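In each ligand, atom 1 is the first atom listed, and ligand 1 is the first ligand listed. Since we're looking at a predicted model, the values are computed, not measured.
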Amino acid sequence: MQRRKFISLGSLGLSAFTFSSFKSPKAIRKPIVISTWDAGIEANKAAWKILNNGGPALDAVEQGVMVTESSQNCCVGLGANPDRDGFVTLDASIMDHQFNCGSVAFLERIKHPISVARRVMEKTPHVMLVGEGAQQFAVAEGFPLESEQLSDDAKRAYENWLKKSEYKPVINIERTKGNHSFAPSKLESGEWNHDTIGMVALDAHGNLSGSCTTSGQGFKMRGRVGDSPIIGAGLFVDNEVGAATATGQGEDVIRISGSHLVVEFMRQGLHPEAACKKAVERIIKAKGIEKSKEIQVGFIAINKQGEYGGYCIQKGFNFAVCYADDQNFLEDGKFIL
Ligand code: GLY
């Protein structure tokens, strides 16, 4: 009788359900927010305030990275490096728990591209606006048009770069171990090339969202856009599975649809750290080991259980993790090369 009952459940495809229902459920850590690089510590604080009050992950990831966009001491937002023609151009994207997403690229003179990306998501039938059109939309939405003057740090770095005008954008390779604080001299010497903050969060209601904002590569070709505003590359969220974001050499993240790939690896059951590692391996496989040594890419991810992880190509990438008032700390990304 017992055997017959089991077989009939199996024929209905229910045996897996019967067995898995005996497993104890995984502990869920929520809310939680993680973000790229050490600037993530301050950004996480703003995000945590919202999450800790039961607010939505979407608000948390927007307001979190706005802190970094406002900072003059960072390579994100209007205080950041200009392109090789001397103009700061910004890219950003945002995605919620229902596959709603918005992004802007090649946006000039707007302080908070992440908020414009959110308006694109919420107020237009589109996903992405670029350049002049994105700026027109932002102004129509009430965002002030800021001066195009460079910050003092960026001006100095640009003037220094102009001496050779060498077109060799290098991104996110942190050569000074252990000291991640910004100084213009580091920018000039090439030791500092952080360009992006990516943030993903799981709120108290169990919903995921993510954001990503950048000035892109310093002294880049005019019109160059990286991975950050491209949904699936710089950012991806699937509320059934997890959320991921990227930093580093955008072209190589785009080539493998990096953040989407990380989420798909998590869907297959991989822990976020293992999923990030496999995406990094994919880049190295596509590019070859020698060429991969010249670049940096880092991924971070969280899953629906609030587990998190990060991985990068080479030593030097870190990310900030926050899941309590007194738990907001930096973790070094594990690396492959
Ligand atoms: N990851 C930022 C960029 O490549 O623009």
Please confirm whether [X] comes within less than 3.5 Å of ligand 1 when only nitrogen or oxygen atoms on both sides are compared.
X	value
G216	no
T214	no
T247	no

Item to check | Nearest-option assignment for atom 4 (O) of ligand 1, heavy atoms, candidates Q217, R224, K220, Q296 | outcome: R224
Numbered atoms of ligand 1 (with element) below 4.0 Å of [X], judged on heavy atoms:
X	answer
G250	4 (O)
G226	5 (O)
G248	1 (N), 2 (C), 3 (C), 4 (O)
S228	1 (N), 2 (C)
D227	1 (N), 2 (C), 3 (C), 4 (O)
T196	1 (N), 2 (C)

Checklist entry - Does L235 belong to the same Ile/Leu/Val/Met/Phe/Trp/Tyr cluster as V127, with side-chain heavy atoms less than 4.5 Å apart forming each link? => result yes
Next on the checklist: Can you tell me how far apart CD1 (I283) and NZ (K291) are? Round to the nearest 0.5 Å.
Outcome noted: 14.5 Å
Next on the checklist: Given T214, which partner from the list T68, T196, T247 fulfils the side-chain hydrogen bond (donor to acceptor under 3.5 Å, both in side chains) test?
Outcome noted: T196
Would you call [X] and [Y] a salt bridge, using N to O less than 4.0 angstrom?
X	Y	value
R156	D153	yes
K304	E240	no
K293	E290	yes

Next on the checklist: Parallel, tilted or perpendicular: which one describes the rings of Y323 and Y308, with boundaries at 30° and 60°?
Outcome noted: tilted
